[in-house]
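Lettering follows sequence order; numbering is per chain, from 1.
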Amino acid sequence: MRFSNMFIPTLRESPAEAEAASHILMLRAGYIRQLAAGLYIYLPLAWRVIGRVNRIIKQEMDAIGAQEISMPAIHPAEIWQKTGRWSEVGEEMFRLRDRGQRDMCLGMTHEEIVTWLASAEIRSYRDLPQTWYQIQTKFRDEARPRSGILRTREFLMKDSYSFDKDEQGLEENYKKHAEAYHRIFSRCGLKFYQVESDPGMMGGATAHEFMAPSPAGEDSIALCAKCGYSANTELAVSVARPQPAESKLQGEPQDIETPEKRTVSEVSEFLGMDTSFFIKSLLMIGEKGPFLALVRGDQELHEKKLHRIAGECRPAQKEEIKDIIGVEAGFIGPVGTKLKMIADPSLKDGVYVSGANRPGFHTKGIKPGVHFKAEWHDIHTAKPGDKCPECGSDIKIESAIEIGNIFKLGTKYSRPLKAVYLDENGKEKPIIMGSYGIGPARIAAAAIEQNNDKDGMIWPRSIAPFDVEIIPLGTDNTEVSSVAESFYNDLSSSGLDVLMDDRNVRPGIKFKDADLIGIPWQIVVGDRNLKDGLVEIKSRKTKETQKTAVKEVVEKLRALIAG
RNA sequence: CGGGGCGUAGCGCAGCCUGGUAGCGCGCCUGCUUUGGGAGCAGGAUGCCGGAGGUUCGAAUCCUCUCGCCCCGACCA
């Protein structure tokens, strides 16, 4: 492909609206343009990257016996009503009516549709197992699209679905997918982790996410370097470090004056005690009324964990706290309260200080379990310095981009949609399902996030839009042009994807654009070196150049790319 | 949905507080010179100042409403 024929609208300056590195670079390097919030046009370079990612995905999916199909993006409401998600899902679903006033939606995922197909066509255990996949556009009216193509309202997704006659079959398919995902993300040149994740509304017991570490990521994950424990912090269990040994908290509970000291940090400073000696008491409003959530002073409540235990709930507002407890926030505590309490296990041992439920006072000497009763559930947010629940060593927390997920669905969809089969004994049973997703655009974005420098992108060779870019300097020099042309022909016919910057522009512009768009290898053809029969092969990543004899270029480059 | 920010030339921004001829840099077009890291000189084009109302002799500027985009949070099958 010739640069002059390709639409690559590079920008000298960063557009104001972009913040994430991948977003800035994709705009600047002429990969994408924004149509509206969360809606992007993929320009030729970006679409080539997506194509390469998809090819890798297809190869690995095919290799585990998955079969590619294509399902509609527009769905009748009826099927979604049968699984209950038509009403569960709210505003995130794009809804519309057809000319006959039938309710329809734009598909946000395809469990319903693929299960409908299975219910219609699968009769016998002999038809199982099956795995079907597609790479197709999904629609979600996100509350807040963000970070360029990381979170959009219309996006490509590889989704596959497995159908088995029993749990053991599901287990095998689940494992096959996990292994295929490892190969896919490795081949795409990404650093990634497989972590335990919250099955959430997908249902089912087991789920994992594949996470590409990046500061631009929306998720955070807890990792143990020693034993390999890894989990999304939405469900990561961690053990808080023990309280310091010296404690001033012997004896029975006693109220102490703490005028105008409300927050844990204020009171801990005032009393000269570590924050881990405090109980943070948070008044929550749940569906069945108010209750207290208790975490240790040095910990943070994780609301999502609390939701799983207590159902829908929210922090109480200032006025509500006064009405319900009778004292302002900052002086509330678990002792003497009639409210239901949910306490984090980090509070189980030790003696504590917490609000006294009267203005200006805290109570010291509180022994959880003795001076108050609570339900014990892990509700704190795992943080650096906490200990691994498996092996006790330090865990670290990293931000990450979710690039793939795998769910064991079980019969969540097969039951309501009556996807059943007859087993060997002629008995009707629901099909056991799994669901597995990958976001190709997120792979591309994560690759940029993980591989860039001040000059631009640095693509992993497997998903780069081109393998090599030829940069002839001085197009009016016939020798330069003819050498560049011969490279272009030879490299192309040897099976490489070649971009040639044949524009009649200054060298600086070609160099800057080449670095920006991030093709892994550059061949610089200039009269300076050509006089000695040499050209330069330059690595985008290391910026190292090797002067190479014209005759050896094709062979050498192929070796470099292969290596 | 809550909080914050921003809408002025293709892009990045100034002007707004204190109302009075709409500006700068880059890009774009023409010509000449230039050609190994975003060239130089000369000339040129480009704006419903996001939109609608209002105040005023007069509004990019003040007021009201509205639309859009970004960021933080909530949400995220």
Using a 4.0 Å heavy-atom cut-off, does [X] contact any base of the nucleic acid, only the sugar-phosphate backbone, or nothing at all?
X: R314(A); answer: nothing
X: T83(A); answer: nothing
X: K304(A); answer: base
X: E17(A); answer: sugar-phosphate
X: A18(A); answer: nothing

Checklist entry - S14(A) or A37(A): which one's nearest nucleotide on RNA chain B is closer to the 5' end? => result S14(A)
I'd like the [atom1] distance from [M] over to [N], given in whole Å.
N: G36(B); M: U30(B); atom1: C1'; value: 28 Å
N: C26(B); M: C62(B); atom1: P; value: 30 Å
N: G58(B); M: G19(B); atom1: C1'; value: 8 Å
N: G23(B); M: G15(B); atom1: P; value: 16 Å
N: G5(B); M: C48(B); atom1: P; value: 27 Å
N: G73(B); M: G27(B); atom1: C1'; value: 38 Å
N: G44(B); M: G50(B); atom1: P; value: 28 Å
N: A9(B); M: A45(B); atom1: C1'; value: 11 Å

Go ahead and name the base partner of [N]; Watson-Crick or wobble counts if both distances stay under 3.5 Å, otherwise write none.
N: G7(B); value: C67(B)
N: A45(B); value: none
N: C17(B); value: none
N: U34(B); value: none
N: C1(B); value: G73(B)
N: C62(B); value: G54(B)

Next on the checklist: Tell me whether K383(A) is salt-bridged to E300(A), with the criterion being a basic N under 4.0 Å from an acidic carboxylate O.
Outcome noted: no
Checklist entry - In terms of side-chain geometry, is the basic nitrogen of K138(A) or D159(A) positioned less than 4.0 Å from the acidic oxygen of its partner? => result yes
Nearest to side-chain heavy atoms of [X], which nucleotide of [options]:
X: F407(A); options: A74(B), C70(B), A77(B); answer: A77(B)
X: H307(A); options: A74(B), C75(B), G12(B); answer: C75(B)
X: V89(A); options: G12(B), A77(B), C71(B); answer: A77(B)

Which atoms of nucleotides 49-52 of chain B (N or O only) lie under 3.5 Å from a protein N or O atom, and what are those distances?
none

Next on the checklist: Below 30° counts as parallel, above 60° as perpendicular, anything between as tilted: where do the rings of Y40(A) and H23(A) land?
Outcome noted: perpendicular
Checklist entry - Can you say whether the rings of H75(A) and H110(A) are parallel (under 30°), tilted (30 to 60°) or perpendicular (over 60°)? => result perpendicular
Checklist entry - So which of D344(A), L282(A), L301(A) actually passes side-chain contact (heavy atoms from CB on, under 4.5 Å) with L306(A)? => result L301(A)
Next on the checklist: For E218(A) and R146(A): C-alpha separation, side-chain torsions, deciding distance, then whether salt bridge (charged side-chain N to carboxylate O under 4.0 Å, His left out) applies.
Outcome noted: CA-CA 10 Å; E218(A) 302 177 278; R146(A) 70 185 94 177; 3.1 Å; yes
Whole angstrom value for the distance that separates [atom2] of [N] from [atom1] of [X]:
X: R153(A); N: G68(B); atom1: CZ; atom2: P; value: 9 Å
X: M108(A); N: A77(B); atom1: CE; atom2: C1'; value: 7 Å
X: L39(A); N: C69(B); atom1: CG; atom2: C1'; value: 13 Å
X: E92(A); N: A74(B); atom1: CD; atom2: C1'; value: 12 Å
X: E88(A); N: C75(B); atom1: CD; atom2: P; value: 17 Å
X: R146(A); N: C75(B); atom1: CZ; atom2: P; value: 11 Å
X: H302(A); N: A74(B); atom1: NE2; atom2: P; value: 9 Å
X: L27(A); N: C11(B); atom1: CG; atom2: P; value: 12 Å

Checklist outcome for this item: One should read off an interatomic distance between I509(A) CD1 and L516(A) CG, to the nearest 0.5 angstrom, of 12.5 Å
Checklist outcome for this item: Here the gap from E78(A) atom CD to M104(A) atom CE, rounded to the nearest 0.5 Å, amounts to 11.0 Å
Checklist entry - Counting only heavy atoms not in E91(A), do more than 12 fall under 6.0 Å of its CD? => result no
Checklist entry - Backbone N or O of K538(A) within a donor-acceptor pair of the Q522(A) side chain at under 3.5 Å? => result no
Checklist entry - Hey, does the side chain of R33(A) reach the backbone of I41(A) with a donor-acceptor pair shorter than 3.5 angstrom? => result no
Next on the checklist: Can you confirm if the NZ or CZ of R2(A) lies within 45° of the ring axis of Y488(A) and under 6.0 Å from the centre of its six-membered ring?
Outcome noted: yes
Checklist entry - Is a donor-acceptor contact shorter than 3.5 angstrom present between the side chain of E13(A) and the base of G25(B)? => result yes
Checklist entry - Just to confirm, is there a sub-4.0 Å distance from OP1 or OP2 of C70(B) to any side-chain nitrogen or oxygen of Q34(A)? => result yes
Checklist outcome for this item: Readout for nucleotides 29-42 of chain B: B = base within 4.0 Å of protein heavy atom, S = sugar-phosphate only, - = neither; 5' to 3' it is -----BBBBBB---
